Number of protein chains: 2
Amino acid sequence: MKITRNTIAKTEIRNLINSSKVALSHAEIQQALNNICDRVTIYRVLDRLVEEGLVHKIVNVDGVIKYAECHECAGEHHHHNHIHFSCQKCKSVTCLEDVEPFFNLPKQYKVMEMNFTLSGLCPQCS
Amino acid sequence: MKITRNTIAKTEIRNLINSSKVALSHAEIQQALNNICDRVTIYRVLDRLVEEGLVHKIVNVDGVIKYAECHECAGEHHHHNHIHFSCQKCKSVTCLEDVEPFFNLPKQYKVMEMNFTLSGLCPQCS
DNA sequence: TTTTAAAATGCAACACTATTGCGTTAATTT
DNA sequence: AAATTAACGCAATAGTGTTGCATTTTAAAA
């Protein structure tokens, strides 16, 4: 893998994601960063963080990608089989790391990634 | 609910979706329709079909929305709790209507919709 | 410390998906 | 056939994400 460097933008973005309870979109990150860097840089930093396995992507129900910290997914078997919850009212997307779905897939399918999202009302909004 | 009309565009789009084995995106539908109507009309017809419960949306892993026929989901409990498979090679998105995941969600959450997508290699591509 | 290679950035432009407003057309109802 | 209004076409716009390229900055080597 390519050598990556620690830059201000990367540090700030990582801190932001790690300190957030909910997954963040590019737009939300950009707003929080207060113009410390260009919007393209944010996209590139996010790509890097995903590649390094520090952050994972979630495709929200509206098609917008959100980013959240990786917790117990370091190391070899880097998988994200937990469910995400997208609140229709407060628009928050939360990782439910303890909730892992079971299912029986025909074995001809080779699964590389999973994206499970439920939408509705979160505890705060219902 | 508002009264809806059957138009050429709607009929064609519905036929297209119903005869397709895989879920279709707006772009794919537009290409197949060969300019029988404006692209905005396609968006509006799709919205109507979803509202009428004839078609359901799937958010693909790249954020693009795909549309597929509703089969056993007519009537009151219109739910789509089956898994979708998105092939990284041939880019097809397939409804696996028989594959329904199980999970234990904390009961404070109120679920309205589900979006489960696996990505990897489909039987044809693996 | 200075030099150096290339990783990272900023800026501008672009691609793609999706939505909105508005005047016009066409599908149903009467 | 006339009236109502759903549906349409067209143009413009918004939002998300990507690419190319010249410049800056990081971190390692000299």
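Just so you know, these numbers come straight off a predicted model, no measurement behind them.
- Listed by chain and residue number, nothing satisfies the side chain to side chain donor-acceptor pair (under 3.5 Å) test with Ser119(A) (two or more places apart in sequence, or in another chain).
- Nearest-nucleotide positions on DNA chain C for Asn6(B) and Ile36(A) put Ile36(A) closer to the 5' end.
- At least one donor-acceptor pair closer than 3.5 Å links the side chain of Ser126(B) to the backbone N or O of Cys122(B).
- Here Thr41(A) reaches the OP1 or OP2 of dG10(C): one of its side-chain N or O atoms lies under 4.0 Å away.
- A donor-acceptor pair shorter than 3.5 Å can be found between the side chains of His84(B) and His82(B).
- Ion pairing between Lys10(B) and Glu52(B) holds under the 4.0 Å rule for side-chain N and carboxylate O.
- Linking ILVMFWY side-chain heavy atoms closer than 4.5 Å, directly or via other members, places Val64(A) and Ile29(A) in two distinct hydrophobic clusters.
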- prompt: Along nucleotides 14-26 of chain C, 5' to 3', which nucleotides get a B, which get an S, and which get a -, given that the test is a protein heavy-atom distance under 4.0 Å?
  reply: ---SBBBB----B

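- Look at CD1 on Ile3(B): it is 9 Å from P on dT30(C), rounded to the nearest Å.
- Chain B approaches DNA chain D over the interval dT5(D) to dA11(D), counting the first and last nucleotide 5' to 3' with an atom under 4.0 Å from its heavy atoms.
- Using a distance-only test at 3.5 Å, with no hydrogens or angles considered, no donor-acceptor pair links the side chain of Thr41(B) to the main chain of Ala9(B).
- Proximity of a side-chain donor or acceptor of Asn115(A) to a complementary backbone N or O of Thr117(B) within less than 3.5 Å is not detected.
- With sequence neighbours left out, the ring-ring contact (aromatic ring centres under 6.0 Å, His included) criterion links Tyr67(B) to no other residue.
- Taking a 4.0 Å limit (strictly below) on heavy-atom distances, residues 10-23 of chain B does not reach DNA chain C anywhere.
- A salt bridge links Glu28(B) to Lys66(B): one of the charged nitrogens lies within less than 4.0 Å of a carboxylate oxygen.
- Side-chain heavy atoms closer than 4.5 Å link hydrophobic residues (I, L, V, M, F, W, Y) into clusters, and following such links, possibly through other members, connects Val111(B) to Ile83(A).
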Worked verdict on Phe102(A) versus Phe102(B) for ring-ring contact (aromatic ring centres under 6.0 Å, His included): CA-CA 5 Å; Phe102(A) 293 93; Phe102(B) 294 94; 8.7 Å; no

message: Run Val99(A) and Asn104(B) through side-chain contact (heavy atoms from CB on, under 4.5 Å) and show every step you take.
response: CA-CA 6 Å; Val99(A) 186; Asn104(B) 282 311; 5.7 Å; no

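- Overall bending of the helix from dT1(C)-dA30(D) to dT30(C)-dA1(D), expressed as the angle between end axes built from five pairs apiece, is 30° (10° steps).
- Between the OG1 atom in Thr94(A) and the CD1 atom in Ile58(A) there is a gap of 9.0 Å [rounded to 0.5 Å].
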